[in-house]
Amino acid sequence: MSEHDAHLRDAVALAQDNVAEGGSPYGAVIVKDGTVLARSVNTIHRTNDPTDHAEMVALREASRRLGSRDLAGCIVYASGQPCPMCHAAMRLSGVREGYFAYAAEEADSYGMLTAGIYAELCKPLDEQPMRLRQIRPDAMTPPYAAFRDRRNKS
């Protein structure tokens, strides 16, 4: 059995156990240099936090363990294809490699919504079901320049 297969099997087993405990069917494992940094499940059913997806919980734990928000070199293994939020969080944290066991389209056939959300986010903002529009405040400076300047000083 390959290392990838073993970690994916672990993620799927976590997901199956989570369903048995009343949660949703998602598990995630994060590995760096052969060491498992985090094993997690979707905990929304416990916390009522809609961001507590398995991958997000695992990213938080791996960041805590490494003492860094930079997770470059980490590999994420997920039971299902990461949703857009988790996918983006993985990218923003520096993760450049990930594997999943089951595609979003397969999950959708069981009543999950990931594939549909991906499709909606590919549409222009005015065609998406959640209305998101830019309203630029008058006479305000965007905070980006101050952030860039602070970062360049360090």
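Just so you know, these numbers come straight off a predicted model, no measurement behind them. Side-chain atoms are counted along with the backbone in the values below, which use heavy atoms only and exclude waters and symmetry mates.
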For the atom pair CD (E105) and CE (M112), what is the distance rounded to the nearest 0.5 Å? 14.0 Å
dist R65:CZ -> L37:CG (nearest 0.5 Å) comes out at 5.5 Å
Please report the shortest heavy-atom distance between [X] and [Y], naming the atom on each side.
{"X": "Y102", "Y": "V12", "value": "CE1-CG2, 3.8 Å"}
{"X": "A78", "Y": "E55", "value": "CB-OE2, 3.6 Å"}
{"X": "A58", "Y": "A38", "value": "O-CB, 3.5 Å"}
{"X": "Y99", "Y": "L8", "value": "O-CD2, 3.7 Å"}
{"X": "R131", "Y": "Q128", "value": "NH1-O, 2.8 Å"}

Is any side-chain N of the basic residue among R64 and E61 closer than 4.0 Å to the acidic one's carboxylate O? yes
Check ion pair R9-D5 (N to O, under 4.0 angstrom): yes
Can you tell if the side chain of [X] reaches within under 4.5 Å of the side chain of [Y], non-hydrogen atoms only?
{"X": "I117", "Y": "L121", "answer": "yes"}
{"X": "C83", "Y": "H53", "answer": "yes"}
{"X": "F100", "Y": "P82", "answer": "yes"}
{"X": "V29", "Y": "L14", "answer": "yes"}
{"X": "V41", "Y": "V57", "answer": "no"}
{"X": "C74", "Y": "V31", "answer": "no"}
{"X": "S63", "Y": "L71", "answer": "yes"}
{"X": "Q134", "Y": "R136", "answer": "yes"}

Is it true that a side-chain atom of [X] and a backbone atom of [Y] form a donor plus acceptor pair closer than 3.5 Å?
{"X": "S79", "Y": "A15", "value": "no"}
{"X": "D108", "Y": "A115", "value": "yes"}
{"X": "S68", "Y": "D70", "value": "yes"}
{"X": "Q81", "Y": "A103", "value": "no"}

According to a 4.5 Å side-chain heavy-atom criterion applied to Ile, Leu, Val, Met, Phe, Trp and Tyr, with indirect links allowed, do L66 and V95 form part of one hydrophobic cluster? yes
Path from M56 to I30 over hydrophobic side-chain contacts below 4.5 Å: yes
When you look at M130 and E120, which way does the side-chain contact (heavy atoms from CB on, under 4.5 Å) test go after all the steps? CA-CA 9 Å; M130 184 187 91; E120 289 172 357; over 6 Å; no
So, D49 versus T51: side-chain donor-acceptor pair below 3.5 Å or not? yes
Mind telling me whether H87 and Y118 have parallel, tilted or perpendicular rings, with 30° and 60° as the class edges? perpendicular
Does CZ in R69 sit with more than 12 non-hydrogen atoms of other residues, nucleotides or ligands closer than 6.0 Å? no
I would like to know whether D10 and R39 meet side-chain contact (heavy atoms from CB on, under 4.5 Å); could you show each step before the answer? CA-CA 8 Å; D10 189 17; R39 297 172 71 248; 2.7 Å; yes
